[in-house]
Amino acid sequence: MTARRGRGLGRAVKLRMLEYLRAEWPGVREIMTTVADENTPRREVSAALGYRAARSLGRYQVRL
């Protein structure tokens with residue numbers, strides 16, 4: 001774990017974003033965010049705020 005983890009910054013940013021969204025676009029009822037599967041801390045923050053996993057996304061690359 002790095003020194004920046006666990007201080008609540010990610011949660012604070014997500015909460016502020018949701019407050020802004022509600023104020024600017026009160027009719028929005030659903031939003032989507034992306035989080036890498038291996039980013040457990042961010043996934044935990046998202047889950048704590050009510051986000052749920054909806055689908056997986058695969059990314060592939062090849063060296064040419």
Side-chain angles (χ1 to χ4, degrees):
M1 182 151 100
T2 63
R4 69 181 188 276
R5 296 274 191 206
R7 297 179 184 263
L9 180 60
R11 184 176 190 278
V13 169
K14 277 193 175 250
L15 282 173
R16 179 64 186 109
M17 176 198 64
L18 291 171
E19 290 169 359
Y20 176 80
L21 179 66
R22 284 187 189 121
E24 294 295 317
W25 296 283
V28 171
R29 296 289 172 241
E30 184 176 42
I31 61 170
M32 201 165 90
T33 187
T34 57
V35 179
D37 286 343
E38 62 273 9
N39 192 339
T40 303
R42 189 163 166 212
R43 290 173 56 100
E44 289 173 351
V45 166
S46 294
L49 294 176
Y51 290 87
R52 62 179 172 75
R55 64 180 171 200
S56 291
L57 176 68
R59 185 178 81 183
Y60 305 88
Q61 69 185 89
V62 62
R63 290 184 188 262
L64 301 176

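As the structure is a computational prediction, the values presented were derived from the model and not from experiment.
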Check whether any side-chain heavy atom of Ile31 sits under 4.5 Å from a side-chain heavy atom of Tyr51, and report yes or no.
yes
Which atoms form the tightest heavy-atom contact between Lys14 and Ser46, and what is the distance?
NZ-OG, 3.1 Å
If two hydrophobic side chains count as joined below 4.5 Å and joins carry through other members, does Val45 share a cluster with Leu15?
yes
Taking it one step at a time, do Thr33 and Met17 satisfy side-chain contact (heavy atoms from CB on, under 4.5 Å)?
CA-CA 12 Å; Thr33 187; Met17 176 198 64; over 6 Å; no
Shared hydrophobic cluster for Met32 and Val35 (ILVMFWY, side-chain gaps under 4.5 Å)
no
Closer than 3.5 angstrom, by distance alone: can the side chain of Arg11 be matched with the main-chain N or O of Leu49 as a donor-acceptor pair?
no
Atom of Pro26, atom of Ala23 and distance for their closest heavy-atom approach
CD-O, 4.1 Å
